[in-house]
Amino acid sequence: MNIEHLETSGTFRLDGGEWDVDNNVYLLSGKEGVYIVDPAHDKQAIIDAVGDRKVLAVLLTHAHNDHCDLVPEIVGHYGAPAYLHPDDDMLWKESNGDATYLPLNDGRHFELDGQPIITIHTPGHSPGCVVFHIPSENTLISGDTLFNGGPGATGRKYSDFDTIIESLRTRVFTLDADTTVLPGHGDNTTVGAEAARLDEYIQRGY
Ligand SMILES: [Fe+2]
């Protein structure tokens, strides 16, 4: 499996605020086609990156607008389904109204060329946050659950710091320490590098 990366720019909106953000978009590709993870901001850049390959599905780490605004258009363009954890339905509806998605539950496996992409529910940054573990590549696509330097933000609505810490402790930091972490924003890290800083996160409270 190949993991391709592009960075796109746009706006994150929540609780009446607006922030400029750069998002990481990942294409998981193989002989059978491409899964697009979090197609953010720039439809043409994503279409150009996919090229003439078949899109198998859109996988969402959560439904903050910067990650999911474009999804109905991408789904319409490719005729592929989008998957989202249903605990983020209220956030999805804020961006996308009655547009449909398929429910993505903990433990759901997607296959690409015989290798699994495993969904792990990691609430905290939002209730429906998930991460995608790809054992064959020793890689975790972490969305906004884990960044280089700390957990995802928990200061806004539907977020909870104690919940994200519990998700990290029990569901992410139990993976191999040398697992590469590809986050939704910013630079890569590893499970081990961040796990070593868990007490620091807890002490500072973010
Ligand atoms: Fe987010």
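Both counts, for ligands and for their atoms, begin at 1 and track the order of listing.
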Report task. State whether a side-chain donor-acceptor pair under 3.5 Å links Asp187 with Asn148. Result -> no

Query raised in the report: Quick one: salt bridge (charged side-chain N to carboxylate O under 4.0 Å, His left out) partners of Arg13, sequence neighbours excluded?
Result: Asp69

Requested in this report: For the Fe ion (ligand 1), count the protein N, O or S atoms found under 2.8 Å away.
Outcome: 4

Query raised in the report: Charged N to carboxylate O under 4.0 angstrom, Glu32 versus Arg53?
Result: no

Report task. Under 4.5 Å between side-chain heavy atoms, chaining through other members, with only Ile, Leu, Val, Met, Phe, Trp and Tyr counted: pull out the rest of the cluster around Tyr206, sorted by chain and number. Result -> none

Report summary line: The complete set of side chain to side chain donor-acceptor pair (under 3.5 Å) pairs with one or both residues in residues 107-117, sequence neighbours excluded, reads Tyr83-Arg108

Query raised in the report: Between His85 and His62, is the ring centre distance below 6.0 Å?
Result: no

